[in-house]
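So the structure is just underneath, and the comments pick up after that.
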Amino acid sequence: MAVTDVAAAMSPVMAFAIVGALGVGSQWLAWRLRLPAIVLMLAAGVIAGPVLGVFDPERDIGPLTGPIISVAVAVILFEGGLTLNFRSLRDAAEGVKRLVFIGAPLGWLLSALALRWGAGLSWESSAVFGGIMIVTGPTVIAPMLRTSRLARRPAQLLQWEAIVNDPIGALAAVLAFEVVLVVRTAETPGTVIWELAMGIGLAVLFGLAAGFGLAWAFRRNKVPEFMKVPVLFAVLLAVFAISDTVLHESGLLAVTIIGIVMANADLPSYDEIRRFKEQATVLLVSGVFILLAASLDFSTLAQLDWRAAVFVALVVLIVRPVTVFLSLMSTSLPFKEKLLVALTGPRGVVLVAVAGLFGDRLFGLGVGDGALIGPLAFVLVAASVVVHGFTLAPFARLLGLTGAETPGVLIVGGSQFSTELAEALKEAEIPVLIADPNRGHLTAARKIGVPTFYGDILSEAAEYRVETAAYKIVVAATDNDAYNTLVATDLAPEFGRENVYQVAREKSDTTRHALPASLGGRRFGAGATYNNLNRKVWNGWEVRITGLTEEYGLKRWRRDNPDALMLAWIGRDTEIHFIGDADAPRDIPGRRIVSVAPPREAARAEAG
């Protein structure tokens with residue numbers, strides 16, 4: 001049977017399965033290969049869709065394609081609003097505030113001009129698409145920052161600009177579309193103003209009422225814990241549908257406002273909501289992007305001419321740099337940092353998803369060049385991701401704005417053992433940070449020059465002041481087993497459970513005290529507890545780094561150090577790998593071992 005015959009016989013259920021497999025599979029493969037997921041999703045959707053013809057959303061899913069994308073984009077925009085916490089905005093650097101308050105409207109204006117005079121779009125399409133282009137791609141910026149290892153300040157500027165401008169860009173696009181919508185459908189200027197005011201007003205009212213209502217219900221325990229996420233999702237869909245019935249696409253404005261309200265409501269259940277929106281967004285972004293990529297019509301893409309290249313060049317070389325330099329003009333930031341931020345502005349999944357939706361809506365309203373918004377978005381995203389993804393790290397090194405060359409270790413707890421471990425890692429040129437809410441516990445670390453953070457690592461202050469992207473490993477090593485478990489459980493989704501460790505609990509060998517696998521981190525140090533490790537250090541044991549060669553391998557080291565506890569090993573690339581209970585290496589030639597071992601004199605006397 002031919003490929004086209006299989007595609008023609010595909011059921012909607014099989015089509016949904018393909019969307020899930022391609023979307024989530026592309027994101028997983030991107031994680032494994034350390035590539036921007038958007039590149040692989042773009043390739044997967046295009047290959048499965050217009051190239052091979054295996055999957056065609058319009059043919060295989062039918063009229064549900066549009067509503068599915070609309071609902072998915074609504075949830076994505078709610079997620080964007082949920083990231084806009086005004087306290088974090090107040091605590092952000094002056095540069096971030098300027099990139100938001102000055103850069104967002106200025107970028108909207110300059111992007112619209114580039115679309116109008118560069119790509120040749122109408123003012124209507126330019127205004128809507130220009131608003132979407134405020135978003136610099138938080139889903140793309142984050143992995144780029146992790147791989148490029150920028151210095152702290154430029155990394156924060158890029159990260160927080162992307163996070164804060166995400167809902168602002170979506171909001172700008174919604175407002176611009178509302179103007180185009182009422183202008184195209186109204187009969188008189190009075191009707192235009194009335195419909196616009198009614199649509200936006202009701203959307204704002206619905207969003208505020210739903211946001212504050214949910215916050216009140218969650219805070220007063222009117223909704224049981226297990227139903228908070230389902231209730232939130234149901235209210236979100238209801239508000240979107242009702243608002244959209246009053247005025248098309250105003251539902252997007254309403255759900256964005258719901259997210260903003262709930263982000264600033266100080267809800268005790270915010271972590272559960274955050275996990276829901278993160279997981280839902282991964283699924284929906286994957287699905288929407290595959291649907292849009294598979295729906296790409298090469299004949300439409302062929303309508304793009306040399307103006308598309310001019311548009312991309314204008315955005316990358318003029319619009320972005322001018323926006324950043326004018327926004328940061330009167331700040332004390334060094335020119336090198338301004339230049340790096342100015343030449344780094346990748347666009348991501350949200351831009352393509354929202355642009356494709358608004359492009360179709362504009363075309364349906366009679367704006368002919370609205371059909372070009374989707375292809376232009378694909379071209380811009382592909383070009384910016386490739387350009388910035390491959391040039392950010394070398395450009396930062398050229399400017400001297402790179403941070404540590406290797407991912408570091410975040411140690412929670414300022415005990416004597418933690419201090420000696422941090423000192424050894426620092427001497428091995430591995431970035432390390434000790435965090436502790438007790439200032440006295442950090443005195444010894446500060447005296448030897450180990451970086452410290454005074455405060456609770458789970459606090460909001462730590463979230464904004466600790467550059468977590470610089471660290472790969474978390475080691476929870478306080479004298480409180482419950483707190484170690486809490487830290488490991490809370491940070492596991494961000495760092496990955498395979499990278500979060502904690503000292504063994506004092507009481508964990510019996511079923512009465514055993515915890516489920518979903519709580520806590522991996523044990524290291526051959527199952528040594530906090531008291532075991534610190535007692536050894538108090539008795540003169542040392543945290544030591546030993547180099548291995550082909551002649552002096554792991555077996556000989558173990559023979560020479562029978563009592564030593566192996567904590568980690570350092571590869572040739574100076575990247576550290578902590579050792580859990582079940583994954584002690586059999587052989588690691590040419591690398592270094594991090595261990596806690598008896599004093600060399602005692603070890604030699606025992607061997608003699």
Treating [X] as the side-chain partner and [Y] as the backbone partner, does any N or O pair qualify as donor plus acceptor under 3.5 Å?
X      : Y      : result
Asn264 : Ile260 : yes
Arg347 : Leu380 : no
Lys338 : Leu328 : yes
Trp216 : Lys222 : no
Ser384 : Pro346 : no

Could you grab the distance from atom [atom1] of [X] to atom [atom2] of [Y], nearest 0.5 Å is fine?
X      : Y      : atom1 : atom2 : result
Ile102 : Lys97  : CD1   : NZ    : 12.0 Å
Trp117 : Ser126 : CH2   : OG    : 9.5 Å
Leu314 : Leu115 : CG    : CG    : 9.5 Å
Met329 : Thr331 : CE    : OG1   : 9.5 Å
Leu343 : Leu339 : CG    : CG    : 5.0 Å
Leu214 : Arg219 : CG    : CZ    : 11.0 Å

**OP:** Only counting residues at least two apart or in another chain, list the ones meeting ring-ring contact (aromatic ring centres under 6.0 Å, His included) with Phe212.
**Re:**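 In terms of ring-ring contact (aromatic ring centres under 6.0 Å, His included), with neighbours along the sequence ignored, Phe212 is linked to no residue.
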Find out whether [X] and [Y] are in side-chain contact, i.e. whether some heavy atom of one side chain is under 4.5 Å from a heavy atom of the other.
X      : Y      : answer
Phe218 : Met262 : yes
Arg320 : Val341 : yes
Leu22  : Met41  : no
Leu304 : Phe378 : no
Leu121 : Arg116 : no
Ile61  : Leu291 : yes
Val19  : Phe55  : yes
Leu109 : Ser111 : no

Closest non-hydrogen atom pair between [X] and [Y], with its separation:
X      : Y      : answer
Val255 : Phe240 : CG1-CB, 3.8 Å
Leu376 : Ala308 : CD2-CB, 4.0 Å
Phe363 : Ala371 : CD1-CB, 3.8 Å
Gly118 : Phe311 : C-CB, 4.5 Å
Asp60  : Ala15  : CB-CB, 3.9 Å
Ile258 : Ala210 : CD1-CB, 3.7 Å

Original post:
Please walk me through it: do Ser122 and Val367 pass side chain to side chain contact (heavy atoms under 4.5 Å, CB included)?
Top reply: CA-CA 8 Å; Ser122 64; Val367 182; 3.7 Å; yes
Subject >> Distance-only polar pair, side chains of Ser330 and Arg98, donor-acceptor under 3.5 Å >> reply: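 Arg98 and Ser330 do have a side-chain donor-acceptor pair below 3.5 Å.
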**OP:** Show your working on side chain to side chain contact (heavy atoms under 4.5 Å, CB included) between Phe325 and Phe335 and close with a plain yes or no.
**Re:** CA-CA 9 Å; Phe325 276 115; Phe335 175 78; 3.8 Å; yes
Original post:
Leu232 and Phe78: side chain to side chain contact (heavy atoms under 4.5 Å, CB included), yes or no, with the steps?
Top reply: CA-CA 11 Å; Leu232 171 63; Phe78 165 74; 3.9 Å; yes
**OP:** Run the numbers on Phe206 and Ile242 for side chain to side chain contact (heavy atoms under 4.5 Å, CB included), then give the verdict.
**Re:** CA-CA 9 Å; Phe206 291 155; Ile242 295 172; 3.8 Å; yes
**OP:** State plainly whether the residues Glu124 and Arg361 are in salt-bridge range, i.e. N to O under 4.0 Å.
**Re:**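 Arg361 and Glu124: not salt-bridged.
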